[in-house]
Amino acid sequence: MKLPVLIAAPLFLLCAQVLAQAAAPPALESDTVTAFVAVNLLTMETERVLPGQTVLVEHGKIAAIGAALPIPAGARIVDGHGSAFLSPGLADMHTHSDTSGDLKVYLANGVTTVLNMGEASNGFIAQVRPEVNRGKIAGPHVYASFMVDGSPRYGHFVVSNAEQARAVVGLAKTNGYDFIKVYNNLSPESFTALADEGRKQHMPLVGHGVTAVGLERQLDAGQVMVAHAEEFMYTTFFHPGQDGKPAPADAAPDSAEIPAAIAFVKRNHAFVTADLNTYATIARQWGKPAVVERYLQMPEARYLAPDRRLQWRGEDYARRHGDLGARLAFLQLFTKQMADAGVALIAGTDAPTIPGLVPGYSLHDDLQELEQAGLSRYQALAAATRVPGEMIRQSLPNAEAFGTIKAGSRADLILSEKNPLDDLATLRTPLGVMANGNWYPQTALQALLEQVAGKYRSAFVP
């Protein structure tokens, strides 16, 4: 979304914060084989549920699946008792979280993969992220994007010409980023250089619609993902006015334009972030300061860092004028038509930069919004499991497979009481989660939440 991000703290302060927030290694590390037995398996390769299965996990990867597998001696047993369901862990493919506290909250919500979409601190990328991905700090597997813009308007890293753009790609690669995120105000020259150098350096482009280029040309040039479905409203769809006057800023496009946009997305095999809950959350607070205060009183807001709470109060959505209802309805229709046409949709939230979007919790809200827009539960869940795995594997060929349950894939797993395809809400209260080689039963997940809430409460105690 088009809003500034807080400037990172100096590195020495960040290191102190990291040490304070980092969890001790969990008690149930994957130094032995883990056997999930008597589970009903939703692999997400299809909608079919396989009853009474055993899944063996070794060294953080799925080693074998079957109805009658022998259990290795000394294996840790997680018993589904024939009633629990095992499905892939969830992925939030648009976050701006860069603290270990946020990552614990994601994990407690069953989120086992996140894509940081820009401006994470150097300390997070260089120190926290590797430790999380190795399973030494509790959290989801983290991928990261380096954000680049063409002006300082939104407070982002700026390049002003092709030479600088090419240099940035190499710098981002050296520092461990996976993607280059393009932003609104890049020049065509800079965008073209980013796309060309990105191909050479194996640093794919993701991000916004660039005003001076347009999404169709961006995807034709190789951009693999559009970071918000609403970006099409800014750079693709036409906004007609009346009587020769410009259209109001909150006017919705004509739905007759949707098929042409879908056509160029599919032509390029691109991915689109289906962030309906993000836009719906903005629409609810547009011009309504009281709504932001209600967001701050939500039970899950206790897992929000104090500086984020202050940031929420300072955002200007509540001071805007107009009504985004028509645009939200258009995005719901657009998302439904993309899903029906086979566009590769991925779930993402923009948490926690926007008031109302708490890490982890907002992803479940996004799945609910997708279902309410008319997507099937399988389509909605695929956007948070299988399709993110496809995006990463297509974009980063050396990355581990994830997003479905099959031999050789990363063991990102959620154990739930019910079948998610009957009720997606069952994933809000997982019986346990496996991520980065570690198994976290429900009690451990709750302990992570209490640890985060306790730390933030202590910030207000003299």
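- Shortest non-hydrogen contact noted between L445 and P430 is CD1-CG, 3.9 Å.
- By the salt bridge (Lys or Arg N to Asp or Glu O under 4.0 Å) test, R294 pairs with no residue at all, sequence neighbours left out.
- Inter-residue side-chain proximity for T385 and S87 is flagged as unmet; no heavy-atom pair is nearer than 4.5 Å.
- Annotation for L215 and G209: closest pair CD2-CA, 3.7 Å, computed over non-hydrogen atoms.
- In terms of the salt bridge (Lys or Arg N to Asp or Glu O under 4.0 Å) criterion, residue partners of E131 (sequence neighbours excluded) are, by chain and number, R134.
- Residues passing the ring pair (Phe, Tyr, Trp, His ring centres under 6.0 Å) test with Y295, sequence neighbours excluded: none.
- Taking every heavy atom of both residues into account, L363 and A91 meet most closely at CD2-O, 3.7 Å.
- Side-chain contact, Q446 with Q442: no donor N or O sits under 3.5 Å from an acceptor N or O.
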Fill in: Trace of the side chain to side chain contact (heavy atoms under 4.5 Å, CB included) decision for I180 with V148
CA-CA 7 Å; I180 298 294; V148 186; 4.1 Å; yes
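- Of the possible donor and acceptor atoms, one in the side chain of N109 sits under 3.5 Å from a partner among the backbone N and O of V105.
- Sorted by first and then second residue, the pairs that involve residues 324-348 and meet ring-ring contact (aromatic ring centres under 6.0 Å, His included), not counting sequence neighbours, are F232-F334, F237-F330, F237-F334.
- At least one donor-acceptor pair under 3.5 Å links the side chain of N40 to the backbone N or O of A84.
- N438 places a side-chain N or O within 3.5 Å of a backbone atom of G135 that can act as its donor or acceptor partner.
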Practice prompt. Evaluate the criterion side chain to side chain contact (heavy atoms under 4.5 Å, CB included) for residue pair L90 and I414; output intermediate values, then yes/no.
Written response: CA-CA 8 Å; L90 302 175; I414 300 180; 3.8 Å; yes
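- When side chains are defined from C-beta on, I282 counts as touching L324, because their heavy atoms get closer than 4.5 Å.
- Between M44 and Y378, some side-chain heavy-atom pair lies under the 4.5 Å cut-off.
- Under the rule for a side chain to side chain contact (heavy atoms under 4.5 Å, CB included), the partners of K288 that lie at least two apart in sequence or sit in another chain are V291.
- Going from atom CG of L367 over to atom CD of Q379 covers 12.5 Å, rounded to the nearest 0.5 Å.
- The minimum heavy-atom distance linking G360 with Y106 is given by the pair N-CE2, 3.1 Å.
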Item to complete: Given side chain to side chain donor-acceptor pair (under 3.5 Å), test R308 with T353 step by step and report yes or no.
Response: CA-CA 7 Å; R308 289 295 187 186; T353 55; 5.7 Å; no
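- Judged by distance alone, the side chain of D350 and the main-chain N or O of H94 form no donor-acceptor pair under 3.5 Å.
- Aromatic ring pairs are classed by plane angle as parallel below 30°, tilted from 30° to 60° and perpendicular above 60°; the pair Y183 and H156 is perpendicular.
- In this structure, Y317 has its ring center no closer than 6.0 Å to that of W312.
- Listed by chain and number, the residues in a side chain to side chain contact (heavy atoms under 4.5 Å, CB included) with R48 are T46, L50 (sequence neighbours excluded).
- With hydrogens and angles ignored, the 3.5 Å screen pairs a side-chain donor or acceptor of S362 with a backbone N or O of V358.
- Remark: P72 pairs with V33, L56, A75 by the side chain to side chain contact (heavy atoms under 4.5 Å, CB included) rule, at least two apart or across chains.
- Here the side chain of N175 pairs a donor or acceptor atom with the backbone of L171 at under 3.5 angstrom.
- In terms of heavy atoms, N185 sits closest to S151 at ND2-OG, 3.3 Å.
- Put simply, the side chain of L296 reaches to within 4.5 Å of the side chain of R309, judged on heavy atoms.
- The CG atom of L431 sits 6.5 Å away from the OG atom of S416 when rounded to the nearest 0.5 Å.
- A donor-acceptor pair is defined here as one N or O able to donate and one able to accept, closer than 3.5 Å; such a pair exists between the side chain of D98 and the backbone of S121.
- Under the salt bridge (Lys or Arg N to Asp or Glu O under 4.0 Å) criterion, D340 pairs with K336, sequence neighbours left out.
- Rounded to the nearest 0.5 angstrom, T349 OG1 and E369 CD are separated by 12.5 Å.
- When the salt bridge (Lys or Arg N to Asp or Glu O under 4.0 Å) test is applied to E293, the partners found at least two apart in sequence or on another chain are R313.
- For the pairing with Q223, the side chain to side chain donor-acceptor pair (under 3.5 Å) check across K181, Q218, H208 returns one residue only, Q218.
- Residues satisfying the side chain to side chain contact (heavy atoms under 4.5 Å, CB included) criterion with E371, sequence neighbours excluded, are R377, L424.
- Residue pairs satisfying the salt bridge (charged side-chain N to carboxylate O under 4.0 Å, His left out) criterion with at least one member in residues 428-437, sequence neighbours excluded, are listed as follows: D365-R428.
- Using a 4.5 Å heavy-atom cutoff, the side chains of V433 and L413 are not in contact.
- Counting heavy atoms of neighbouring residues, nucleotides and ligands inside a 6.0 Å radius, atom CD of E417 does not exceed 12 of them.
- Separation of atoms OG1 (T112) and CG (D92) is listed at 11.0 Å; rounding is to 0.5 Å.
- Pairs engaging residues 387-399 under the side-chain hydrogen bond (donor to acceptor under 3.5 Å, both in side chains) rule: R386-E390 [sequence neighbours left out].
- A distance-only check finds a donor-acceptor pair linking the side chain of T43 to the backbone of E45 [under 3.5 Å].
- Using a 4.5 Å heavy-atom threshold, the side chains of M233 and R327 count as touching.
- To the nearest 0.5 Å, atoms CD (E300) and CG (L449) are separated by 11.0 Å.
- Between the side chains of E119 and H96, no donor-acceptor pair of N or O atoms lies under 3.5 Å.
- Residues E315 and I354 are not in side-chain contact: their nearest non-hydrogen atoms beyond the backbone lie 4.5 Å or more apart.
- Considering every non-hydrogen atom in both I125 and P130, the closest pair reads O-CD, 3.3 Å.
- Side chain of D149 to main chain of V159: no donor-acceptor pair is present (N/O by atom type, distance under 3.5 Å, no hydrogens or angles).
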Practice prompt. Please assess T281 against Q285 for the test side chain to side chain contact (heavy atoms under 4.5 Å, CB included), listing each intermediate value before the final yes or no.
Written response: CA-CA 7 Å; T281 300; Q285 66 192 279; 3.7 Å; yes
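- Here the straight-line distance linking atom CG of L42 with atom CG of L381 works out to 6.5 Å at 0.5 Å rounding.
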Practice prompt. With side chain to side chain contact (heavy atoms under 4.5 Å, CB included) as the test, would you mind laying out the steps for L304 and Y456 before giving the verdict?
Written response: CA-CA 8 Å; L304 192 70; Y456 295 157; 5.7 Å; no
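- Ring centers of Y143 and F179: at least 6.0 Å apart, outside the cut-off.
- Between the side chain of R129 and the backbone N or O of G176, at least one donor-acceptor pair lies under 3.5 Å.
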